[in-house]
Amino acid sequence: MTGYSPDYHVETPANLAEALEKLAAEPGKWRPLAGGTDLMVLFDAGMLRDRHLLNIARLRELRGIEASAHEVRIGALATYTEIKRDELLAHELPMLGRAARESGAIAIQNRGTIGGNIVNASPAADTPPALLAYGAQVELVSLRGSRTVDYAEFHSGYKTMDLAPDELLLRVRIPRDPRLDGALHDYRKVGTRRAQAISKVALAAVGRVDSGRVTLCRLGMASVAPVPARMRNVEGEIVDNALSDEVIDRAVAAVDADISPIDDVRSTRGYRLQVSKNLVRSFLLRLREHGDDRR
Amino acid sequence: MTNASKESFRFVVNGEPREVTNYPLSRLLDVLREDLELTGTKEGCGEGECGACSVLIDGRLVNSCLVPLAQVEGATVQTIEGVADGERLHRVQRAFVEHNGAQCGICTPGMVMAALELLAEHPTPTIEQIREGLAGNLCRCTGYIKIFEAVVAACQQTEGPR
Ligand SMILES: Cc1cc2nc3c(=O)[nH]c(=O)nc-3n(C[C@H](O)[C@H](O)[C@H](O)COP(=O)(O)OP(=O)(O)OC[C@H]3O[C@@H](n4cnc5c(N)ncnc54)[C@H](O)[C@@H]3O)c2cc1C
Ligand code: FES
Ligand code: FES
């Protein structure tokens, strides 16, 4: 069964100001449509409830990947293909390209956007763990102005988030932290096939050791909670410590406090918990091995 | 609830300017097959998983079942009908014929479009790149070996762009 197209209105604003006016005039009425790789699947299944779509796919203001001295800005409309090809990202924030490369096949990567991935808010989405590990922020814009919030605070529950009906996600902002250079960047997706499968569990982690102590450690996980999960309890056991066996054991035990996996069609709670712990342990063991070495 | 109205959209298909009047959320797949009678593009899953509906938009591989008409306004679309040069098959198509890369043929147009994007991006692809390039295209008949052989063979021919 497919959706019935006569039921759906689509407007294509010429620029960001026009788009924001439309959203402000009738808040909650217009659903932004970017690459359509989530929304059109719903439409094709006859399950798209929003009947008014705002086609933002061409808005120049939401495009492009650029960098200043202090941060990298990824436009909400940046596609997986653009992200995986970007040289600065490959060099400084390599887990984003890894996540992009493992998201769907080429035809999905050519259309799917990072903004759509964030706002679609699937707990299984692949770019959020990397965004969490890199301490990303999201910039939201409306006629009222623009505001920037920590991505780790953006999702409030299953498919709920800090985004007002008159706002668009403008861009993702990631600090260019010099400590990332020489850090260990570890991205793992455990699915049924290597790419293209919706993850059963994914981990993105970044860590750094200086003079025997961990000076940077951030981990994000997918498919282990109602929202993409930042692993603050694990991080708390690690930062400022030396990676002894005991510290690693305590950090792995802290995984229980950071995630709340469920049973669903793709996997079970017990499996996800065990895989999460294994992924965290393997990251920490690799970080210990990586040590102060700046290859 | 009020129904949407049909609107006119203009875009280029296989080199020819076309104008289609239909609902803006109509799937490009249906517009191609029904409005433009280009039935070479197939529907498999209707949800982005199988690649049977693959076409190129502005040179990039997409699943036409996931593209609404409103988003092709002003774009350039290439379908399987635009791949051969008159009677002369593209080297990818020839390779599919010579290596028995098609059985029932439902996946074949999509496979050929995916191979075109692959060759445009990686003129001499590695096996891993071929695998990645075709990973979004499912085939229920061939077991993929013959398709791979066809694409590998097409890659090895070096007679210019065709
Ligand atoms: C076959 C297939 C495989 C897939 N594989 C993966 C995978 O491996 N990993 C993965 O994470 N995802 C996967 N996806 C899901 C999807 O491709 C991604 O979530 C994609 O990033 C969505 O982006 P989009 O631009 O296509 O979103 P759309 O469908 O256009 O929009 C998605 C949601 O985001 C909202 N939105 C989009 N942009 C904005 C904005 N700028 N401001 C406010 N709201 C906005 C829309 O209103 C909508 O609610 C897959 C999908 C398919 C069909
Ligand atoms: S019909 Fe479009 S991907 Fe299957
Ligand atoms: S030849 Fe029948 S699906 Fe591929």
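Computed from heavy atoms alone, side chains included, the values below leave out hydrogens, waters and symmetry copies.
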Could you walk me through whether B/Tyr23 and A/Tyr8 pass the ring pair (Phe, Tyr, Trp, His ring centres under 6.0 Å) check?
CA-CA 8 Å; B/Tyr23 297 103; A/Tyr8 295 87; over 10 Å; no

What part of A/Leu53 gets closer than 4.5 Å to chain B, counting heavy atoms only: side chain, backbone, both or neither?
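Only the side chain of A/Leu53 comes within 4.5 Å of chain B.
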
Could you tell me which portion of A/Leu39 (side chain, backbone, both or neither) has an atom closer than 4.5 angstrom to a non-hydrogen atom of chain B?
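For A/Leu39, neither part sits under 4.5 Å from chain B.
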
Going by an N to O cut-off under 4.0 Å, is there a salt bridge joining A/Arg101 and A/Asp126?
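No salt bridge links A/Arg101 with A/Asp126.
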
Please check if any side-chain donor atom of A/Asn55 sits under 3.5 Å from a side-chain acceptor atom of B/Gln71, or the reverse.
yes

Evaluate the side-chain contact (heavy atoms from CB on, under 4.5 Å) criterion for residues B/Asp85 and B/His90: first the C-alpha distance (whole Å), next the side-chain angles of each, then the deciding distance (0.1 Å), finally the verdict.
CA-CA 7 Å; B/Asp85 180 9; B/His90 187 283; over 6 Å; no

Show the numbers, then the answer: is there a side chain to side chain donor-acceptor pair (under 3.5 Å) between B/Glu81 and B/Thr79?
CA-CA 5 Å; B/Glu81 287 88 350; B/Thr79 71; 2.7 Å; yes

For chain A, find which of B/Arg27, B/Glu47, B/Lys6 contributes the most heavy-atom pairs closer than 4.5 angstrom.
B/Arg27

Find the one option among B/Gly133, B/Ala70, B/Pro68 whose heavy-atom pairs under 4.5 Å with chain A are most numerous.
B/Pro68

Against chain A, label B/Ser26 side chain, backbone, both or neither, depending on which of its atoms sit under 4.5 Å from a heavy atom there.
both

